[in-house]
Amino acid sequence: MPLKIHNTLSRLKEDFVPHAPGRVALYVCGPNLYDPIHVGHAFSYIVFDTVKRYLRLRGYQVRHVQNFTDIEDRIIAKAQKDRVTIEALAGTYIARFLDEMDALNVERADAYPRATGVIPQIIEITRGLIAKGFAYAIEGDVYFRVRQDPDYGKLSHRALDAMEAGARIEIDPRKEDPMDFALWKASKPGEPSWDSPWGKGRPGWHIECSAMNWVEHGDQIDIHGGGQDVIFPHHENEIAQSEAFTGKKPFAKYWMHNALLRLADDTSAEDKMSRHVGNTLWVKDALARHAPDAIRLYLLSTHYRTPLAWTDADVDAAARGLERLRAAVKDASPFHGAPRDVTLLQWADQTREKFVAAMDDDFGTPQAIAALHDLAREINRARGASAAAETLAPAQATLRELAGVLGLTLAEPESKMLQAAPFIELLIETRRQLRAAKQFALADQIRGELAKLGVVLEDGPQGTTWKAG
RNA sequence: GACGCCGUGGCUGAGCGGCAAAAGCACUCGGCUGCAAACCGAGUUAUCACCGGUUCGAAUCCGGUCGGCGUCUCCA
C-alpha cells in the first residue's frame with residue numbers, strides 16, 4: 001500500500017511518489033523573526049517533524065530545509081523600536097526558536113537558510129523574471145506580473161478576476177495589475193538595504209522562499225509544508241515565481257497545509273491563534289505548564305488538517321493518557337514464571353501494521369495513537385499476568401519505536417525534586433519497615449503527607465516507587 | 001460576495017456506503033492491594049446538528065436549513 005498525502009494543489013489524497021526514488025526534498029515554512037513563536041507555530045513544526053520521522057520509517061532519506069525570514073517589514077519595525085539591528089533581533093529569536101524546538105523534541109532541519117543569506121540569488125531570480133517578461137521595475141521596486149502567469153491561483157483555487165473584487169488594500173496605481181506583488185522593494189532611509197540593479201533595496205516577502213528552495217533543493221522539491229494561512233498569497237506567489245523562473249513544473253509536487261490552532265479565550269470565543277490578533281500562547285509558557293510529550297500527544301491527537309482549539313484542560317487529559325503509555329514501557333517484571341508468549345509479539349506486529357496503515361492515510365495520527373494505546377493495554381495485561389521480561393521486551397521496543405515516530409520520548413518527566421530524592425528514599429524505607437511491622441496507620445500517614453507535598457508513592461511487587469505528582 | 005472547512009456519547013476525537021460507531025480523558029462496579037496508587041476486567045453516557053432525497057442499505061453520497069470557523073496581498 002502506498003503512502004497517500006493530501007495535496008492542496010489537487011485537493012485530493014494522492015499516492016506519494018517523490019522525484020527521486022527513496023529521497024524526499026522537504027521544505028517547511030519557518031518563522032518570521034519579529035517575535036517568539038507561539039504554540040500554533042509549534043503545532044505546524046511538530047506536524048512536519050512527524051511527517052519527516054514517518055517518511056524515514058517508510059525508508060525514505062529526507063532532506064529537510066526550514067527557512068528563517070530575517071528581513072521583512074515587521075522585523076525592521078521591531079528592530080527600530082527595540083533600537084537593535086535586524087541581525088541582533090533575528091539572532092535572539094533564532095536562538096530561542098532552536099531551544100524551544102529542542103525542548104519539543106522537534107528534530108533539527110538539515111539546513112536553516114536565512115533570507116539575508118540569499119540576497120544574490122534573490123537578485124538573480126528577479127533579473128531572470130524581468131528578462132522573461134514576468135516582472136517589471138518601477139522606481140526601484142520590482143513587481144511580478146500575475147497576468148503573465150496563466151496558472152496563477154491554482155494553489156488557492158481562486159480566479160484572478162474573483163480576487164480583485166475582494167481586494168481591500170489600497171491600490172498602488174503604478175502597478176499594472178492590483179494583484180502584482182513585490183519581488184524587490186526600494187528601501188526607505190534608515191532601513192537595511194542591499195545594492196541591486198534597481199538601486200538600494202530589499203527583498204519582497206515571498207521571493208526569499210523561492211530563493212532558499214532553489215539554493216538548498218534546486219528547481220523542484222517533493223513536499224512543501226506550512227499553515228493553511230500561508231496558502232494565499234505566500235505559497236501561491238512562491239509557485240508563480242519559482243515556476244516562471246525555472247520553467248519547471250511543478251515547483252513542489254505535494255503541498256501540505258496544516259489547519260490552524262485556535263485558542264479558547266475567557267469569553268469562550270475561539271479565534272485563530274495569531275500574533276496580530278494578540279491571542280497567543282507562547283511556546284515558552286506552554287512548556288512551563290506541560291510536558292513536551294503531553295503537548296505533542298495532544299496536538300497529534302487530532303488530524304493535522306482539522307482545526308483544534310487549545311485548552312490547558314485538554315492537554316492535561318492528554319498527559320494522563322500519556323501515563324498509560326509510559327507505564328507500559330517501564331521495566332519488565334523480573335519474575336520468570338510464565339513461558340515466553342507469542343501472543344504479545346503478534347499484538348506488536350499487528351500494532352505496527354495498524355500504525356503504518358493509519359499514517360499511510362495522509363498521516364492519520366489519531367488512529368496511530370489509538371493503536372499505541374491498544375498495544376500498551378496488551379503489554380500491561382501481559383505484565384499483570386507475570387509475563388517474562390523476554391516476552392514484554394520486544395513489544396515494549398515496538399511501542400517505543402512507534403511512539404518515537406510521533407516524537408514521543410515516553411521518558412519520565414524530569415523530576416523537580418532531585419534534591420529531595422535521598423530524603424524521599426529514606427521515608428520510603430522507614431515506611432517499608434512500618435508496613436512490615438503492620439504499623440499501617442503510620443505508613444499511610446507518611447504516604448499521605450508526601451502526597452500533600454506532591455510526591456506520589458506506588459507500592460508494587462518489587463517495592464515502592466515514587467514520582468512527582 | 002468568491003473559495004473552502006467543521007457540527008459524532010460528559011469532554012477530546014476517529015470512522016466518510018454495509019462487522020456490535022475506534023482510542024483517550026472523566027465516571028460506576030469488580031479484581032489486585034493491609035488500604036491506596038498504578039495496572040487489568042466489566043460497564044454507563046451516541047435519535048452520528050436538523051429536514052428531505054438517492055440506495056437493498058447512510059454518521060458516511062446529493063439538496064436544503066441552522067450553528068461555528070478559515071482564506072481572499074499581516075499571519076505557521
Side-chain angles (χ1 to χ4, degrees), chain A residues 11 28-32 34 37-48 72-74 153 156-159 161-169 178-182 204-206 225-234 236-237 257-262 269-277 297-298 301-303 305-309 311 313-325 327-328 330 354 358 364-374 376-377 379-385 435 438-441 443-444 447-448 451 456-461 464-465 467 469:
Chain A
R11 290 178 171 170
V28 179
C29 262
N32 273 24
Y34 64 87
I37 61 164
H38 56 63
V39 293
H41 298 102
F43 172 52
S44 185
Y45 306 144
I46 285 171
V47 164
F48 290 104
E72 192 261 347
D73 290 357
R74 283 166 186 278
S156 50
H157 301 276
R158 265 185 268 263
D161 296 320
M163 281 188 273
E164 282 178 88
R168 60 184 180 196
I169 59 151
M179 297 306 294
D180 288 349
F181 56 90
W205 172 36
H206 317 293
Q228 284 176 348
D229 53 346
V230 290
I231 293 174
F232 191 90
H234 186 57
E236 191 71 70
N237 291 351
H257 294 97
N258 59 275
L260 303 178
L261 191 68
R262 293 179 293 168
E270 289 167 4
D271 280 317
K272 176 183 76 173
M273 190 174 297
S274 165
R275 295 190 280 197
H276 313 297
V277 177
L297 187 65
Y298 167 67
S301 68
T302 304
H303 186 82
R305 285 189 289 108
T306 302
L308 173 65
T311 69
D314 288 340
V315 185
D316 288 337
R320 288 191 290 275
L322 186 67
E323 280 298 320
R324 294 185 68 250
L325 297 180
K330 274 189 179 168
K354 282 197 282 187
T365 52
Q367 293 131 290
I369 290 168
L372 259 38
H373 279 293
D374 288 342
R377 189 184 57 243
I379 291 171
N380 286 333
R381 196 208 304 247
R383 193 201 332 253
R435 292 177 69 212
K438 308 263 188 236
Q439 303 257 17
F440 294 122
D444 289 352
R447 184 174 62 194
V456 177
L457 299 191
E458 295 181 353
D459 298 328
T464 300
T465 57
K467 65 182 182 185

Nearest heavy-atom approach of A:Ala371 to A:Lys354 is CB-CB, 4.0 Å
Among B:G41, B:C5, B:A38, which is the nearest nucleotide to the side chain of A:Pro307? B:C5
I want to confirm an ordering. Mapping A:Arg11 and A:Ile369 to their closest nucleotides on RNA chain B, which one lands closer to the 5' end? A:Arg11
Considering only heavy side-chain atoms of A:Ala370, the closest of B:A23, B:A37, B:C40 is B:A23
Just so I know, are the side chains of A:Phe43 and A:Leu260 near enough to count as touching, which here means a heavy-atom distance under 4.5 Å? no
Mind checking the P distance from B:A23 to B:U44? Whole angstroms is fine. 14 Å
Measuring only the C1' atom in each nucleotide, how far is B:G53 from B:A58? A whole number of Å is fine. 12 Å
To the nearest angstrom, the CZ-P distance between A:Arg377 and B:G24 comes to 6 Å
Any N or O donor-acceptor pair linking the side chain of A:Asp459 to the base of B:C35 at under 3.5 Å? yes
Considering only side-chain heavy atoms of A:Arg447, which listed nucleotide, B:G34, B:U73, B:A76, is closest? B:G34
Out of B:A37, B:G68, B:G34, which nucleotide sits closest to the side chain of A:Val456? B:A37
Establish whether the base of B:A2 is bridged to the side chain of A:Arg158 by a donor-acceptor pair shorter than 3.5 Å. no
So what does A:Leu457 touch, heavy atoms closer than 4.0 Å: a base, only the sugar-phosphate, or nothing? base
Between A:Gly321 and A:Phe440, whichever has its closest RNA chain B nucleotide further toward 5' is A:Gly321
Return yes if the base of B:C39 and the side-chain atoms of A:Arg324 contain a donor-acceptor N/O pair under 3.5 Å, otherwise no. no
Minimum-distance nucleotide to A:Leu308 side chain [options: B:U71, B:G13, B:C25]: B:G13
Looking across every strand, which nucleic acid part, if any, lies under 4.0 Å from A:Asn258 by heavy atom: base, sugar-phosphate, or nothing? base
Measure the distance from NE2 on A:His303 to C1' on B:C5 and round it to the nearest whole Å. 12 Å
Would you name the heavy atoms of A:Ser156 and A:Arg11 that are closest together and state the gap between them? O-NH2, 4.0 Å
Rounded to the nearest angstrom, tell me the gap between atom CG in A:Asp229 and atom C1' in B:C5. 14 Å
When rounded to the nearest Å, what value does the distance between C1' atoms of B:G10 and B:C5 take? 26 Å
Using whole Å, what does the distance between atom P of nucleotide B:C74 and atom CD1 of A:Ile231 come to? 16 Å
Validation row: A:Asp459, A:Arg435 side chains within 4.5 angstrom (heavy atoms): yes
Side chain proximity check, A:Leu261 to A:His41, heavy atoms < 4.5 angstrom: no
Partner of B:A23 under the Watson-Crick or G-U wobble criteria, both distances under 3.5 Å, comes out as B:U12
Side chain of A:His373: nearest nucleotide among B:A76, B:G24, B:C35? B:G24
Checking all strands, does A:Phe232 fall into the base, sugar-phosphate, or nothing category for heavy-atom contacts under 4.0 angstrom? sugar-phosphate
For A:Gly30, which contact category applies under a 4.0 Å heavy-atom criterion: base, sugar-phosphate, or nothing? sugar-phosphate
Taking B:A76, B:C40, B:A14 as options, the one with an atom nearest any side-chain atom of A:His38 is B:A76
Considering every strand and a 4.0 Å limit on heavy-atom distances, what is the contact class for A:His206: base, sugar-phosphate, or nothing? nothing
For A:Gly384, which contact category applies under a 4.0 Å heavy-atom criterion: base, sugar-phosphate, or nothing? nothing
Contact class for A:Gln228 vs. all strands (heavy atom < 4.0 Å): base, sugar-phosphate, or nothing? nothing
Using only atom types and a distance under 3.5 Å, with no angle test, would you say the side chain of A:Arg377 pairs donor to acceptor with the backbone of A:Arg324? no
Per A:Ala327 side chain, nearest of listed nucleotides B:C39, B:C75, B:U12: B:C39
Separation of B:A76 C1' from A:Phe48 CZ (nearest whole Å): 9 Å
Let me know the distance between CG of A:Leu261 and P of B:C6, rounded to the nearest Å. 18 Å
A:Pro366 has a side chain; which of B:C75, B:G13, B:A76 sits nearest to it? B:G13
Quick one: does any side-chain atom of A:Glu236 pair with a main-chain N or O of A:Gly153 as donor and acceptor, under 3.5 Å? yes
Pick the P atom in B:G41 and in B:U54, then give their distance to the nearest Å. 46 Å
Test the A:Arg158-A:Phe232 pair against the cation-pi criterion, namely NZ or CZ under 6.0 angstrom from the six-membered ring centroid and within 45° of the ring axis. yes
Can you measure A:His234 atom NE2 to B:C72 atom C1' for me and round it to whole angstrom units? 17 Å
Expressed in angstrom and rounded to an integer, what is the separation of A:Phe181 atom CZ from B:C72 atom P? 15 Å
Let's see if you can work this out: which of B:C39, B:C3, B:C74 has an atom nearest to the side-chain heavy atoms of A:Trp205? B:C74
Taking the P atom of each, how far is B:G18 from B:G70, in whole Å? 33 Å
On the side chain of A:Arg435, is there an atom forming a donor-acceptor pair with the base of B:G34 - under 3.5 Å, no angle test? yes
Presence of donor-acceptor pair under 3.5 Å, side chain of A:Asp444 and base of B:G34: yes
